[in-house]
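Okay, so here's the structure we're looking at.
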Amino acid sequence: MSYFLFRRLLSLLLTLLLATIVIFAVLEIVPGDPARLMLGINATEDAVAALREQLGLNQPLLTRYFSWIGGLLQGDLGRSFTYSSSVGELIGERIWVSLPLALLALTLSTVIAVPVGLYAAARRGRASDTAIMAATQFGIAIPNFWFALLLVYLFAIVLRWVPAGGFPGWEAGIWPALKALALPAIALALPQAAILSRIARSALIEVLGEDFIRTARAKGLTRSQTLWHHALRNALIPVVTIMGLQFAFLLAGTIIIENVFYLPGLGRLVFQAITQHDLPVVQGTVLLLVASVVLTNFLVDLVYAWIDPRLRKTAQ
Amino acid sequence: MSYHRFPTGLAAALFLSTALLSAPALAAKDTLVMGVVLEPPHLDPTAGAAAAIDEVVYANVFEGLTRINENGEVMPALAESWEVSEDGKTYTFKLRSGVKFHDGTDFDAEDVKFSLDRARADDSTNAQKGLFSAIESVEVSDPQTVVVTLSNPAGSFLFNMGWGDAVIVAPESADGNKENPVGTGPFKFSNWAKGSAIEITRNDGYWGDAVALSKATFRIIPDAAAATNALLAGDVDAFANFPAPEALPQLEADPRFAVVQGSTEGETILSTNNSKAPFSDIRVRQAIAHTIDRQAIIDGAMFGQGTPIGTHFAPHHPAYKAELIDTYPHDIEKAKALLAEAGFPEGFKATLQLPPPTYARRGGEIIASQLREIGIDLEIIPVEWKQWLEGPFKGDYDLTIVSHTEPLDIGIYANPDYYFKYDSKELQDVIAKLNVTADTEERYKLMGEAQTIISKDAVNGYLFQLAKSGVWNAKIEGLWKNSPVQANDLTGVHWND
């Protein structure tokens, strides 16, 4: 088990290192001068030169890469070009919107999808199963930003239950904050739930056809006893795999959803930083997103090993 | 009061508190939520070009010696009055007394000297450093008087001092203005929730008339569909620059809103490389001018929002020459003849680089299809702003489309190194004369001459003036219709009940 952990950790770190190189290189290749961009087209050459010096853009490439990495190792992500605050601070503020949103959406999608999938699998081939599958097909087909606009129209403009967007901050209280996150979380969660419930259904159907289920039934267990005690655990592997992928997808999905609901989260930050060519912020947030994806995969691997002890052995 | 819409289950419990809270609402409303599309990178107008900075702080938080009003005229601000010497080189400003910065420090002539010297210093990162280039020295003669000496007369100096980039800051607080702006204006900065909203509140110690609003919130809403929803849901009261032209008919039909069409300082032009063949031939440029159908571009690319222009000047300005729209009327036959005369009877190939804004991307496709009628085959190259600044703006291009949003910027045509690469002695003489003329009538006459020269020379393809569509609650009064400078001046705003 410890060898398994060690190998996983090592590949995690290597992936992150590779990611830093790619992120840095890609942003270097993008043509243009951030200083000129910030000062606009009528700025004089010496004002631009002064700003370049201030931003440290005149240092050689490798020096800048290593000072970035050196800073990263000490937990310093650098300073934003446009905002006069540190990247760490900016991310620290924004993550309290994006992370709760992604977790809320993930929880919501799981809470909806797993029971729906189980129900559909248990009633396979019947009318209710067909209806659920048709509904999930619909859920997959709808783009989340479009669904978000429909939600806003109904709940914010017509019914006026929630604001159309924006985020009052957690300091305004849990209830207003959750209210602001409700529609975005639903918009993110439902398409995901549609996918997840289909996966859960087909995984369960597959497991229900296995020999050991027949054996369990032959021993005299009822249908629901076999379902809960024997089938579910075995059907979880594909479900957890998809959930892991979905969490990464949710974090990326927040870029669009946060723009639709004008939420001050990481997605908005990275979007804004790209348009303003705020390199340290783009580097920092993209690295954070990469890290969270890599970390989620790592956690998913651990969960596999927990669900299925055989995986621990094969890993050795 | 915007979060009192709970699901029905809680309605009973909240009935009492809601009833109590609505009582003060009977008095005239004195807060405003203004939607803005872009979040400012920081709040110091003297250290960045972003229009989003001025859209929050100009006239509200910071003031300069002069200020620009809704009609683009120069008005006194921190300078109560001024005198200009005979030779146009010496400006003596008489400052207002009893003015305090928001942190309680006094405003006097030393602050003016500090601000102007800081803006024109060698290490200054002022985005409009050119505004101060004529200044030779700034002298304090007494706490209420400042004498500015120019190296050569600059007719636009008083206008320049009204820009957001020329506001007066205090040495005690200047370094912190990016995060905590300290000015002399009728509002003071109170809070900035990054990515979300910026709040300013009434400055009770203001030297002038107190403003009607006790608080104003600038809520950042970058998405066009979200902007429409925020208005419809009542989350924001106003959008001075509404980003979704396609939603205007719907909002116009809604009696809750006033939709106000104004113009900006944004001359949208087909910038042309005048030093590069075949565009260096005036007949080619004239042929292009004869081919362009401005209204088709405005209708097709801008949902009909925009005013056609025939030169590089804002139509709302008194010196604008409207008749120049007909210098080269739409005439395909004539265009073909001119092109043949220039040696291109079959047309030619060229590139058209388009920066990200809609006016360029959508407008570019329409122009390319129009020019195809006379055989000019344009290859469309979409570019990001960064690439645009490195390429076209440095003179490496054939054609591009861009909106020039600086006010009264016709002077750029006198610089042969500017990316138009236009070198005309005649125009340069007019602009040189304009720079040393302070008399308003005489200045307008010279501005007219300059407009005529560049229109006749067909330096660029003159397309249209960017429109400013404002949408706000019909009960709000005092917001600007036009935007001669990029600003949301809230000093005259109040609710009508």
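Lettering of chains follows the sequences in order, A, B, ..., and the numbering in each one begins at 1.
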Please give me the minimum heavy-atom distance between [X] and [Y], naming the atom from each residue.
{"X": "A:L149", "Y": "B:N229", "result": "CD2-ND2, 3.6 Å"}
{"X": "A:S85", "Y": "B:K194", "result": "OG-NZ, 3.9 Å"}
{"X": "A:R160", "Y": "B:L232", "result": "NH2-O, 3.1 Å"}
{"X": "A:N259", "Y": "B:A226", "result": "O-CB, 4.2 Å"}

Decide if atom [atom1] of [X] counts as having more than 12 heavy atoms of other residues, nucleotides or ligands within a radius under 6.0 Å.
{"X": "A:F271", "atom1": "CZ", "answer": "no"}
{"X": "A:Y65", "atom1": "OH", "answer": "yes"}
{"X": "A:W146", "atom1": "CH2", "answer": "no"}
{"X": "A:E53", "atom1": "CD", "answer": "no"}

Pick from A:V158, A:L269, A:I157, A:D278: which one has the most heavy-atom pairs with chain B under 4.5 Å?
-> A:I157
Nearest-0.5 Å distance that lies between atom CD1 in A:I256 and atom CG in B:D223 | 10.5 Å
Note: vs chain A, highest number of non-hydrogen pairs under 4.5 angstrom among B:S133, B:A227, B:S196 is B:S196
Backbone of A:A164 reached by a side-chain donor or acceptor of B:D235 within 3.5 Å = yes
Answer whether the closest heavy-atom distance between the side chains of A:R268 and B:I220 falls below 4.5 Å.
-> yes
Atom group of B:P40 that falls short of 4.5 Å from chain A, counting heavy atoms = backbone
Contact origin within B:A230 toward chain A - heavy atom pairs under 4.5 Å | both
